[in-house]
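Whatever order the structure lists them in is the order used to number ligands and atoms, beginning at 1. We count residues from 1, following the sequence as given. Values below: all heavy atoms of this structure, side chains included; hydrogens, waters and symmetry mates excluded.
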Amino acid sequence: MIDVLVVGAGFGRDFLPLYALHPAVRRVGLVEPNASRRSAVAAELAVDDEFASLDDALAGGGWDAVHLLSPVRFHVEQTLQVLASGRSCASAVPMATTLDDVERVIDAADAGPGRYMMMETALYQREYLHALHLRDTGALGRLTYLSGAHMQDLDGFPPYWMGYAPMEYATHIVAPLLGLAEASAQSVRCLGSGTLRDAHRGPGDNPFPLEAALFELSTPEPLVAQVTVSFFENARAYTEGFNVYGEHGAMEWPSVEGEPAVTYTAGPADGAHRGRPITREAAEIPDRLGDLPMSLRPHTRKGTYSPPGGRPPVDLHAWHGGSHPHLVHEFVSAVVEHRSPTIDAHRAASITAPGIVAHRSALRGGADLLVPRF
Ligand SMILES: NC(=O)c1ccc[n+]([C@@H]2O[C@H](COP(=O)([O-])OP(=O)(O)OC[C@H]3O[C@@H](n4cnc5c(N)ncnc54)[C@H](O)[C@@H]3O)[C@@H](O)[C@H]2O)c1
């Protein structure tokens with residue numbers, strides 16, 4: 001049994017109940033500097049251990065594992081702090097926003113004894129698990145092309161998002177594309193598109209509301225993954241999805257979020273028509289519950305959580321394709337079983353670095369840059 005601290009009560013609110021429900025978790029605590037947010041979430045979810053800072057929480061001793069859901073600029077230093085204390089650390093994406101920081105996290109994770117996991121929701125969403133199934137059952141055939149886009153309008157988000165370089169948050173698309181190709185990104189050419197208005201500029205060097213990258217993958221045959229990320233000045237409703245194209249079949253993310261994904265299957269050429277017959281179907285995507293504990297299984301779908309002590313039930317939305325219970329279970333299991341999590345520091349680096357290098361390429365007008373291997 002382990003004790004887990006959740007850091008940040010924004011997105012972190014969605015994870016507190018899942019840790020509380022996990023059979024291998026004894027105690028869950030919350031770190032949140034904003035006092036009113038902290039007490040509201042702790043009261044709503046019946047969390048008894050609350051702290052105003054990570055320093056306070058760690059100084060008190062105890063706690064086997066920490067899940068960081070603080071703003072991106074804190075991820076690296078908090079990860080290093082947690083790992084240096086000997087505890088295990090899960091971090092919301094991205095792992096880091098510079099290659100030097102990626103290396104620092106790898107070094108800290110390799111030093112042990114704590115485990116590191118990047119909590120990449122895209123690698124446990126049901127659509128990705130379904131695409132893996134299509135690939136592994138031969139329905140796609142040899143892969144020909146991969147693409148994906150994360151488009152989200154960040155107007156109204158906390159000010160620290162202003163000017164954020166889109167490709168430095170490309171993990172939600174890079175991760176499934178590399179996973180499906182079983183490859184790493186070798187090189188990238190990326191262009192920025194549009195020019196950020198002054199109101200959307202931040203302290204950094206990013207002038208682009210949108211970046212579009214072409215990655216060359218490390219597969220034996222040439223394979224390209226195209227990734228687009230935009231955060232501002234693009235009137236597109238939220239989308240965060242991928243498409244995979246193979247010789248025999250393909251799967252496309254729906255153009256409207258929440259609608260079913262689409263699969264395509266090519267029949268044999270009949271000699272009488274131009275082009276092979278291609279069947280298009282709305283994909284029926286099951287929840288692949290794997291070895292999820294019974295207590296977490298209902299929470300791959302929207303539902304409610306009943307906190308202890310007779311508190312009123314609260315809504316749990318199960319965003320991101322039902323991935324949250326899987327991430328919690330994988331992180332907790334890795335800590336309990338003293339093993340590397342599926343998205344350890346090296347895999348996290350191979351997912352995070354391509355976007356970091358892509359942004360550099362965009363700043364250099366589309367220069368062809370090598371992505372380091374991890
Ligand atoms: N699909 C995904 O994987 C996904 C989705 C949403 C958010 N995220 C990531 O989760 C993290 C949190 O996102 P969010 O939308 O909740 O952000 P947010 O800014 O709304 O909330 C972050 C919370 O962290 C608190 N905080 C600020 N500084 C802190 C510090 N030094 N230590 C501890 N807590 C601190 C803030 O008070 C706030 O309550 C971000 O890194 C974001 O990129 C990932």
Original post:
Is the closest heavy-atom distance from Q78 to ligand 1 below 4.0 Å?
Top reply: yes

Original post:
Does A92 reach ligand 1 with a nitrogen or oxygen that is under 3.5 Å from one of the ligand's nitrogen or oxygen atoms?
Top reply: no

Original post:
Which of the numbered atoms in ligand 1 are below 4.0 angstrom from a heavy atom of G10?
Top reply: 16 (O)

Subject >> 4.0 Å heavy-atom contact, L69 with ligand 1 >> reply: yes

**OP:** Examine Y128 together with W253 and report whether their ring centres are nearer than 6.0 Å.
**Re:** no

**OP:** Run the contact test for Y169 against ligand 1 with a 4.0 Å cut-off on heavy atoms, strictly below, and give the result.
**Re:** yes

**OP:** Using non-hydrogen atoms of the residue, decide whether H172 is closer than 4.0 angstrom to ligand 1.
**Re:** yes

Original post:
Considering only the protein, which heavy-atom contact is closest to atom 23 (C) of ligand 1, and what is its distance?
Top reply: E32 OE1, 3.7 Å

Original post:
Do F374 and H346 have ring centres separated by under 6.0 Å?
Top reply: no

Original post:
Measuring from M119:CE to H320:NE2, what's the distance to the nearest 0.5 Å?
Top reply: 13.0 Å

Subject >> Euclidean distance, F215 CZ relative to S187 OG, rounded to 0.5 Å >> reply: 9.5 Å

Original post:
Does CZ belonging to R364 count more than 12 external heavy atoms closer than 6.0 Å?
Top reply: no

Original post:
Among the heavy atoms of R13, does any lie under 4.0 Å from an atom of ligand 1?
Top reply: no

Original post:
Under 4.0 Å from any heavy atom of P71, which atoms of ligand 1 are there?
Top reply: 22 (C), 24 (O), 26 (N), 27 (C), 28 (N)

Subject >> V7 N/O under 3.5 Å from ligand 1 N/O >> reply: no

Original post:
Checking side-chain contact (heavy atoms from CB on, under 4.5 Å) against L45, which of L16, V28, V6, L30 comes through?
Top reply: L16

Original post:
Centre of Y160's six-membered ring, under 6.0 Å away, within 45 degrees of the axis: is that where NZ or CZ of R73 sits?
Top reply: yes

**OP:** Considering only non-hydrogen protein atoms, determine which one is nearest to atom 21 (O) of ligand 1 and report residue, atom name and distance to 0.1 Å.
**Re:** R37 NH1, 3.4 Å

Original post:
Nearest to atom 29 (C) of ligand 1 by heavy atom, P158, A57, P33: which?
Top reply: P33

Original post:
Which residue from F11, Y164, F157 reaches closest to atom 16 (O) of ligand 1 through any of its heavy atoms?
Top reply: F11

Subject >> Where ligand 1 meets H320 - atom numbers and elements under 4.0 angstrom, heavy-atom basis >> reply: 1 (N), 5 (C)

Original post:
Between NE2 of H130 and CG of L134, what distance do you get to the nearest 0.5 Å?
Top reply: 4.0 Å

Original post:
Applying a 4.0 Å heavy-atom criterion (strictly less than), which segment of V72 is in contact with ligand 1: side chain, backbone, both, or neither?
Top reply: both

Original post:
Got a second to check how far I343's CD1 is from M95's CE, nearest 0.5 Å?
Top reply: 11.5 Å

Subject >> Polar atom proximity, H75 to ligand 1 (N or O, under 3.5 Å) >> reply: yes

**OP:** Tell me whether the centres of the aromatic rings in F11 and H324 are closer together than 6.0 Å.
**Re:** yes

Original post:
What residue and atom, counting heavy atoms only, is the protein's closest point to atom 11 (C) of ligand 1, and at what distance?
Top reply: S70 O, 3.4 Å

Original post:
According to the interplanar angle, ranging from 0 to 90°, do the rings of F231 and W161 count as parallel (below 30°), tilted (30 to 60°) or perpendicular (above 60°)?
Top reply: perpendicular

Subject >> For ligand 1, the portion of Y160 having any non-hydrogen atom under 4.0 Å away >> reply: side chain

Original post:
Where's the contact between F74 and ligand 1, heavy-atom distance under 4.0 Å: side chain, backbone, both or neither?
Top reply: side chain

Subject >> Spacing of CZ belonging to F232 relative to OH belonging to Y164, to within rounding of 0.5 Å >> reply: 11.5 Å

